*Asks:* 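Could you have a look at this structure, given as structure tokens, before my questions?
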Amino acid sequence: MKVATYNVNGINGRLEVLLRWLEEASPDVLCLQELKAPQEKFPIKALEGAGYGAIWQGQKSWNGVAILARGQEPHLTRKGLPGEPEDEHSRYIEAIVDGIVIGGLYLPNGNPCPGPKFDYKLRWFKRLRDYAAELLELEVPVVLVGDYNVMPTELDVYKPERWTNDALFRVEVRDAFRHLVDQGWTDALRHLHPDERIYTFWDYFRNAYARDAGLRIDHFLLSPQVASRLAKAEVEKHVRGWDHSSDHAPVWIELHDEPMMPADE
DNA sequence: ATGCCCTCGCCTCGAGGA
């Protein structure tokens with residue numbers, strides 16, 4: 001089973017690229033972020049034509065998240081995180097697909113820092129941690145995946161010293177991510193590639209992709225019940241080089257069908 | 001220190017992104 005994430009930076013402006021990649025990669029599940037489209041402008045017909053069922057939470061101009069499933073309808077279990085009812089940003093959507101809870105998220109950027117946007121990012125992170133702890137208590141397969149807008153370590157930034165005071169790399173934000181992972185989650189890409197420089201985002205500015213000046217900000221966090229099934233984790237870097245690409249690349253993990261149990265268990 | 005490039009809106013510039 002292949003589970004993927006892709007910050008599309010505008011689903012309608014990106015539709016051709018998205019359909020091309022779906023045809024090429026055929027993920028079983030795909031979480032999308034930054035739809036930048038209101039609910040009624042989500043291109044459901046085109047995605048159904050490509051063989052996918054979908055649930056989504058749109059928003060005019062900004063944010064917006066979706067979950068696609070190949071050959072089936074994702075079973076919606078939640079829209080939005082608990083803890084701040086007045087928060088109207090479309091940043092979290094959750095579904096069950098093939099027995100796995102898929103939480104698709106788009107964490108706030110937080111710049112400029114300091115400021116209200118940074119405060120909102122930290123609050124959102126806290127809400128995510130509180131909710132993630134509840135999910136872990138269920139002891140079921142859970143994948144919390146999407147654009148976290150955090151580079152967890154210096155290995156995840158092309159030039160760490162340039163990013164020290166940025167909301168994506170501030171120590172408070174790295175701490176928040178680490179505390180989340182330390183609840184018992186597995187960072188899938190880093191787990192399988194402990195020493196590699198891996199990026200999932202390259203700025204449109206400064207010829208960043210050609211220079212490989214990237215950031216690793218799109219992450220898969222796996223509950224123990226699904227971490228035991230992790231087989232592969234890869235970034236579709238070449239897609240970032242396509243014409244009219246998003247500034248993020250798609251990222252995916254491959255899961256074994258059955259848990260890999262220790263021999264003596 | 002800032003803009004760079006790109007997306008969206010309701011409209012040709014501004015806001016936001018990271």
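Model, not experiment: these values are computed from the prediction. Naming: A, B, ... by sequence-line order, numbering from 1 per chain.
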*Asks:* B:dA18 and B:dT2: how far apart are their C1' atoms, nearest whole angstrom?
*Replies:*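 Per the computed distance, 15 Å lies between those C1' atoms.
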*Asks:* According to a strict under-4.0 Å criterion, is A:K60 in side-chain N/O contact with OP1 or OP2 of B:dC10?
*Replies:*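 Checking A:K60 against B:dC10: at least one side-chain N or O falls below 4.0 Å of OP1 or OP2.
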*Asks:* Under 4.0 Å: is that the gap between some side-chain N or O of A:Y106 and OP1 or OP2 of B:dA18?
*Replies:*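 Yes, A:Y106 has a side-chain N/O under 4.0 Å of OP1/OP2 on B:dA18.
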*Asks:* Describe, in one word, how the ring planes of A:Y148 and A:F177 are oriented to each other, choosing from parallel (under 30°), tilted (30 to 60°) and perpendicular (over 60°).
*Replies:*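 Perpendicular, since the angle between the ring planes exceeds 60°.
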*Asks:* Are A:D175 and A:R178 close enough for a salt bridge, meaning some N to O gap below 4.0 Å?
*Replies:*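 Salt bridge: yes.
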*Asks:* Side-chain N or O of A:R206 versus OP1/OP2 of B:dC5: is the shortest distance under 4.0 Å?
*Replies:*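 Looking at the OP1 and OP2 atoms of B:dC5, neither is under 4.0 Å from any side-chain N or O of A:R206.
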*Asks:* Among the nucleotides B:dC5, B:dA18, B:dG9, which one has an atom lying closest to any side-chain atom of A:S61?
*Replies:*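 Within the option list, the nearest is B:dG9.
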*Asks:* Rounded to the Å, how far apart are A:N111 CG and B:dA1 C1'?
*Replies:*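 Rounding to the nearest Å, CG of A:N111 and C1' of B:dA1 are 15 Å apart.
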*Asks:* Provide the distance between the two P atoms, one in B:dA1 and one in B:dG14, to the nearest whole Å.
*Replies:*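 The answer is 24 Å between these two P atoms.
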*Asks:* How would you label the contact of A:D147 with the nucleic acid (heavy atoms, under 4.0 Å): base, sugar-phosphate, or nothing?
*Replies:*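 Counting heavy atoms under 4.0 Å across all strands, the contact made by A:D147 is with sugar-phosphate only.
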*Asks:* Run the salt-bridge test on A:R70 and A:D28 with the 4.0 Å N-O cut-off and return the result as yes or no.
*Replies:*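 Yes, this pair counts.
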*Asks:* Do A:R174's NZ or CZ and the ring of A:F169 fall within the cation-pi criteria of under 6.0 Å and 45°?
*Replies:*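 Yes, a cation-pi geometry holds between A:R174 and A:F169.
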*Asks:* Does this structure show an ion pair linking A:R170 with A:D166, if we count only N-O contacts that are shorter than 4.0 Å?
*Replies:*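 Looking at A:D166 together with A:R170, the answer is no, because their closest N to O distance does not fall below 4.0 Å.
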*Asks:* State whether A:N9 places a side-chain N or O below 4.0 Å from either non-bridging phosphate oxygen (OP1 or OP2) of B:dC6.
*Replies:*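 Indeed not, no polar side-chain atom of A:N9 lies that close.
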*Asks:* Checking all strands, does A:H248 fall into the base, sugar-phosphate, or nothing category for heavy-atom contacts under 4.0 angstrom?
*Replies:*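 Sugar-phosphate: the residue A:H248, judged by heavy atoms under 4.0 Å, touches backbone atoms but no base.
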*Asks:* Quote, to the nearest angstrom, the C1' distance that separates B:dT12 from B:dT7.
*Replies:*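 15 Å, rounded to whole Å.
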*Asks:* Measuring only the P atom in each nucleotide, how far is B:dC10 from B:dC5? A whole number of Å is fine.
*Replies:*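 About 25 Å, rounded to a whole number of Å.
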*Asks:* Reckon A:D218 touches a base, only the sugar-phosphate, or nothing at all at heavy-atom distances under 4.0 Å?
*Replies:*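 It contacts nothing in the nucleic acid.
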*Asks:* Check this one for me: any side-chain N or O of A:K117 less than 4.0 Å away from OP1 or OP2 of B:dG17?
*Replies:*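 Checking A:K117 against B:dG17: at least one side-chain N or O falls below 4.0 Å of OP1 or OP2.
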